[in-house]
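Just so you know, ligand 1 is whichever comes first in the structure, and atom 1 is the first atom listed for that ligand.
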Amino acid sequence: MKQRVAVFDFAGCDGCELQILNCEEELLELVPALDIVDFREAMTERGSQYEIAFIDGACSRQSEITRLKTIRKRAEMVIPIGACACLGGVNCLKNHYSMDEVLRTEYGEYAHYYDTIPARPISAVIPIDFYIPGCPIVKKEFIRVVQEILAGRVPYQTNDPVCAECKMAGNVCVFDKGMTCLGPVTRGGCEATCVTGGGICWGCRGFIDDPNVNAEKLVLEKAGVSVQDIVKKFDLFNACMKKVWK
Ligand code: SF4
Ligand code: SF4
Ligand code: SF4
C-alpha cells in the first residue's frame, strides 16, 4: 500500500521544500511507493489523510501550535526538515527582542494586524519521530531517509561532527587560517560543504549528541577565541538550542 505523504510549511524561507522538489528524478523513482496528498509548493490539492508529515519551518505564531497538534493527530510519523523546523533556526533570532518590538519593526503601523510568538522548533510543540537537519536539507539525505522509512527501518542519523567529513574532504582547517568554525560540535552529514566551498561551518545542522564542549573550548582557547565569541556564532541557527553551553 502506498504511504500517503504531506509536506507542510511554517516559518521559514521554504528552501527545504524546494530542495525536495530539486530531487527531481530521485523523487520520481519514489512515486510508485508514495502518494503525495498535500504539498503547497508543488500542488493545489489539499489532503487531510496521511501517514507521514514533513514539516518545513519553525513554529512562530499561536495559530501554528493548533495546526501542528492537528498534524500530529493525523500523522503516524512527523518529521521536521531543515534548521528552521529542527532547531528554530534563524527565526529564533527574534526571541532576543520583545514580540511587540518585532512586530513594530517588521510591520510598522500595521503591526496590530499580525500576531507572533517567540519562535521554537517543532519538537518544542509536538513529539517528533525523526528529523532531517540542514539549511537547506541535503537532497540525498532526504531521499535516503524516505527510502529507509519505506523499507520499515529507523533512518540512520550520523553523530559524527562536521570535522570528520571536513578532514575526509582534505580541507585545511580554518582555525589554522585564523578563523573560527562550529564544525567540532555540529552534526555532520553535509560533507562539510561550507568549508569545502571556502567558508566556515555555522552550525546549521545543530549540535551532535553530547558535544565535546570541553574539547571545543580547548580549540577555541588555542585559537585565542572566547566561548562567548563562539556562542554568538551559534545564535545564527541555534539560538533556541544552545543551553548546552551553559
Ligand atoms: S532551514 Fe534554511 S533553507 Fe530551510 S526553510 Fe529554514 S532558512 Fe529556508
Ligand atoms: S573546525 Fe571547521 S575547518 Fe576545522 S576541521 Fe572542523 S569543520 Fe573543518
Ligand atoms: S558546514 Fe556547517 S553550516 Fe555548512 S551545511 Fe554543514 S553543518 Fe551547515
Heavy-atom side-chain contact between N91 and F10 under 4.5 Å: no
Test: D38 and R46 ion pair at under 4.0 Å: yes
pair P136-C16: side-chain heavy atoms closer than 4.5 Å: yes
Any T193 heavy atom less than 4.0 Å from ligand 3: yes
Side-chain heavy-atom pair K233, I200 within 4.5 angstrom cut-off: yes
Minimum side-chain heavy-atom gap L34-L150 below 4.5 Å: yes
Hydrophobic cluster identity match, F8 and I79, side-chain contacts under 4.5 Å: no
For C190, the ligand 3 atoms whose distance to one of its heavy atoms is below 4.0 Å: 1 (S), 5 (S), 6 (Fe), 7 (S)
Protein heavy atom at shortest distance from atom 5 (S) of ligand 1: D56 OD1, 3.3 Å
Nearest neighbour in protein (non-hydrogen) for atom 1 (S) of ligand 1: A83 N, 3.2 Å
Ligand-side contact atoms (ligand 2) for residue partner G183, heavy atom cut-off under 4.0 Å: 7 (S)
Side chain to side chain, F175 and C181, heavy atoms closer than 4.5 Å: yes
Under 2.8 Å: N/O/S of C13 next to atom 8 (Fe) of ligand 1: yes
Option from V78, I128, V125 for which side-chain contact (heavy atoms from CB on, under 4.5 Å) with I55 holds: V78
Structural part of I81 in contact with ligand 1, heavy atom criterion under 4.0 angstrom: neither
Note, I208 side chain near T186 side chain (heavy atom, < 4.5 Å): no
Residue, atom name and distance, where the atom is the protein heavy atom closest to atom 8 (Fe) of ligand 3: C204 SG, 2.3 Å
Other residues, nucleotides, ligands: >12 heavy atoms within 6.0 Å of E51 CD: yes
From the candidates A164, G199, C181, P161, the one that places a heavy atom nearest atom 7 (S) of ligand 2: C181
is_close_aromatic(F207, F234), centroid dist under 6.0 Å: yes
D14 neighbourhood, listing ligand 1 atoms whose heavy-atom distance to it stays under 4.0 Å: 5 (S)
Worked verdict on V138 versus R205 for side chain to side chain contact (heavy atoms under 4.5 Å, CB included): CA-CA 10 Å; V138 177; R205 293 176 63 85; 3.9 Å; yes
Under 4.0 Å to a heavy atom of R205 - the qualifying atoms of ligand 3, by number: 7 (S)
Test: C240-C92 SG spacing under 2.5 Å: yes
Element-labelled atoms of ligand 3 that are located less than 4.0 Å from some non-hydrogen atom of T186: 7 (S)
Subset of ligand 1 atoms that lie under 4.0 Å from at least one heavy atom of P136: 3 (S)
Contact check, side chains of Q157 and E141, non-hydrogen atoms, under 4.5 Å: yes
Metal proximity, C135 vs atom 2 (Fe) of ligand 1, N/O/S cut-off 2.8 Å: yes
V195: numbered ligand 2 atoms lying under 4.0 Å from its heavy atoms: 3 (S)
Numbered atoms of ligand 2 (with element) below 4.0 Å of F175, judged on heavy atoms: 1 (S)
Option nearest atom 4 (Fe) of ligand 1 (shortest heavy-atom distance, choices G82, A11, C16): C16
Protein contact to atom 3 (S) of ligand 2 [nearest heavy atom, distance to 0.1 Å]: V174 N, 3.3 Å
Close-contact set for ligand 2 against P184 heavy atoms, below 4.0 Å: 1 (S)
N, O or S atom of C201 closer to atom 2 (Fe) of ligand 3 than 2.8 Å: yes
Residue-ligand contact G134/ligand 1, heavy atom below 4.0 Å: yes
G203: numbered ligand 3 atoms lying under 4.0 Å from its heavy atoms: 2 (Fe), 3 (S)
Atom 6 (Fe) of ligand 2 - nearest protein heavy atom and its distance: C163 SG, 2.3 Å
